[in-house]
Amino acid sequence: MSYEQLLQYVFSGITNGSIYAITGIGFNIIYNTTGIINFAQGEFLMLGGMTSITFSRYFPLPIAVALAVIVTAIVGALIDFLVIRNLKKQSILFMIIVTIGLSILLQEAALHIWDEKVRSLPFFTGDEISSINIFGAYISPQVLWVVLICSIIVAVLTVFFKYTATGRSMRACSSNVIAARLCGINSKNMITLSFTLSAAIGALAGAVVSPITQTQYDCGTSLAIKGFAVAILGGLGNSIGAVAGGIVIGLLESLSISILPLAYKDAVSISILLLILFVKPSGLFGKKEISALKDF
Amino acid sequence: MNFKKFLTVSLSLMVSLFIGISCGDKGGNTIKIGALFSVTGPASFLGAPEQKTAQMLVEEINAKGGINNKKIELIVEDTAGDANKALSLANKLIKENKVLAIIGPSTSGETLKIKELCEKEKVILISCAAAESIVNPVAKYVFKTPQKDSQAAMRIFMTMKDMGIKNVGVVSSGDGFGKGGKEQLEKLAPNYGVTISISEVYDAKATDLTGVLNKLKGKNVEAVINWSIVPAQAIVAKNMRQMNMTALLFQSHGFGNIKYVKETGKAGEGIIFPAGRLLIADKLPDTNKQKALLIKYKTDYEAKFKEDVSTFGGHAYDAIIVIVEAIKKAQSTDKDKVRDAIEGLKDVVGTGGIFNFSAADHNGLDIDAFEMITVKDGKFVPYEKKK
């Protein structure tokens with residue numbers, strides 16, 4: 001295998017890995033507040049992609065994406081106001097099952113609002129055929145956009161959860177809701193905030209990956225499965241971990257293609273995911289002490 | 001009796017009356033035809049235009065007085081591209097609705113799943129899916145209207161032979177359509193002096209294929225053949241250009257949808273694929289037998305649904321034409337008489353080609369049904385040999 005070819009595999013791994021990572025980050029916000037996994041996260045991506053495509057017909061691209069983020073964030077907030085907040089039993093398992101139902105609901109809604117057709121946002125820079133030559137291998141500029149936006153989200157989230165009062169309050173809610181309430185934290189508002197944030201980040205991710213992956217009403221589920229896997233691999237709740245997990249899985253998959261038939265790609269990545277979790281159940285970056293306190 | 005009770009009783013009375021009326025309405029003066037299309041789900045780009053086309057055509061036939069003075073009642077069910085759902089819906093159509101024939105399903109996987117059931121229940125099935133194995137070996141009650149995979153593969157290889165291409169790579173989707181095509185390509189390539197140096201299968205929901213294309217690039221292939229009907233067709237084209245691959249891209253007849261050309265944008269230029277003549281109807285010579293029908297379908301469909309016509313909807317159009325012609329010919333709605341009539345249909349002009357059915361050929365189309373088409377300036381044009 002030539003050096004250029006190897007590098008091309010690495011780029012292909014980064015392309016897929018960055019898509020997994022940017023999807024995976026979204027899971028962490030709701031998890032960091034409520035301790036639940038939001039199975040409708042993929043639908044936030046789909047909604048973000050779909051709404052930004054619709055808005056891009058009337059507005060310039062940056063405004064269209066911003067509007068899509070706002071609209072999806074409102075949908076996220078509404079989901080909490082109308083559904084999660086009104087649940088009589090706030091148990092974790094219960095909430096997870098509700099998110100599965102919501103994901104089906106959002107998919108069906110998208111099918112009726114738009115249609116079954118596949119569509120995509122225009123490339124942020126260049127077009128379908130532009131690519132950047134780096135040491136003899138080629139990569140689409142859109143991948144660099146994904147990596148860039150992914151890094152910005154991670155940086156902002158890390159600072160937010162570690163150093164701001166709101167971020168810390170959100171984390172407190174997930175560690176121990178009763179203790180957090182005793183300290184004067186409005187846990188219900190924190191949950192609303194987490195759904196809003198999570199939907200906004202999902203929408204941004206959905207818009208930035210749309211030129212590569214293309215968007216369809218049911219594209220959320222398959223994106224979310226890999227995103228969920230990398231969030232677990234990196235250690236749930238840890239955004240840097242999700243990115244590392246994404247890149248690891250992406251690279252493993254693309255290197256496995258070089259020696260094995262493509263059809264084995266998922267088998268390879270999932271077996272390695274399982275192996276890592278056997279050795280380190282809290283994920284690559286997760287802390288054992290923290291994960292012991294949580295239900296998942 | 002309080003008001004609430006009164007309301008409930010009167011409501012339920014009204015409902016039962018309504019049911020009674022709507023049941024009584026169903027006389028024996030209609031011909032029931034079932035349709036299974038994947039209107040939603042991953043194969044919706046096949047099922048949605050098929051459903052619209054079938055309903056449009058049936059309305060048109062009924063407006064003209066139906067067939068043999070009987071109206072057609074089309075019962076459309078959405079399979080969502082799920083083979084198991086297709087099977088249970090086929091059971092429902094046969095046992096509850098007691099249909100004369102079933103049109104569809106949209107995909108090869110679903111068709112193969114219900115083939116046996118239709119054979120056992122002796123219900124005519126006219127599939128709108130591509131795979132060769134639907135009609136080969138011939139099953140007594142199973143027909144199909146789209147052109148065969150093998151003929152599409154042959155047309156591709158004939159074009160390659162003309163161009164002097166010898167070393168190719170194949171990528172196909174992991175669904176029924178992809179598997180069928182892969183099989184035919186691998187079987188037929190040696191006949192045309194073409195070597196398939198690598199053949200890979202990708203997930204139908206794939207979102208990036210640079211990895212596997214890199215593998216093809218490593219084998220120095222002169223051309224790539226992509227065989228799928230899923231949106232990944234556009235991704236293959238985009239990825240090849242992004243990776244600076246210079247190999248030519250051939251697609252299957254699954255690319256016959258202008259939507260995919262729009263999706264590929266500049267990366268779609270120069271893609272070569274075999275397809276029915278519907279896509280280039282306005283560019284056909286007036287002597288072409290199909291031209292009048294194709295133009296009529298295209299204008300009717302585009303005026304009614306405000307979207308571009310695709311060859312997939314045409315498969316449903318042809319299926320309805322075939323069953324209507326057969327019922328007219330048989331002068332009966334007896335299943336076996338209609339079935340025999342289909343085998344005797346000759347020179348029936350459809351969107352996919354000129355149908356000539358026989359006991360041995362339940363597809364009725366020959367290799368001339370395909371035209372090689374290429375993409376130029378975002379439009380479909382007939383492919384012409386470079387001199």
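First the proteins, then the strands, lettered A, B, ... as listed; each starts at 1.
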For this session: Report, as yes or no, whether the 6.0 Å neighbourhood of atom NZ on B:K304 holds more than 12 heavy atoms from other residues, nucleotides or ligands.
Result: yes

Nearest heavy-atom contact between B:D208 and A:S12 is OD2-OG, 4.1 Å

query = Taking the side chain as C-beta and beyond, is there a heavy-atom pair between B:I235 and A:Q214 under 4.5 Å?
reply = yes

When every non-hydrogen atom of B:V39 is compared with those of A:E116, the smallest separation belongs to O-CG, 4.2 Å

Test item: B:K215 side-chain N/O and A:I257 main-chain N/O as donor-acceptor pair under 3.5 Å: yes

Under 4.5 Å to a heavy atom of chain B? For A:Q216 that would be side chain

Max heavy-atom pairs within cutoff under 4.5 Å with chain B, candidates A:T213, A:I212, A:I139, goes to A:T213

Nearest heavy-atom contact between A:L262 and B:Y202 is CD2-CB, 3.3 Å

Okay, A:S222 and chain B: the region with an atom under 4.5 Å from a heavy atom over there is side chain

With B:Q242 as partner, the option from A:Y138, A:F11, A:F123 fulfilling side-chain contact (heavy atoms from CB on, under 4.5 Å) is A:F123

Heavy atoms of B:K238 and A:S120 approach each other most closely as NZ-OG, 4.1 Å

Test item: A:R119 and B:K262 side chains (from C-beta on) under 4.5 Å apart, heavy atoms:
no

message = Atom CD of residue position A:E4 - does it have more than 12 heavy atoms of other residues, nucleotides or ligands inside 6.0 Å?
response = yes

| message | Is there a side-chain contact between B:R241 and A:E128 in this structure, where contact means two heavy atoms from C-beta onward sitting under 4.5 Å apart? | response | no

All heavy atoms of A:D218 vs all of B:K205, minimum pair found to be OD2-NZ, 3.4 Å

Exercise. Answer yes or no: are there more than 12 heavy-atom neighbours, outside A:I247 itself, under 6.0 Å from its atom CD1?
Key: yes

Q. So does B:D203 pair up with A:K265, basic N to acidic O under 4.0 Å?
A. no

**Asked** Does B:G41 offer a backbone N or O that forms a donor-acceptor pair with the side chain of A:Y217 under 3.5 Å?
**Response** yes

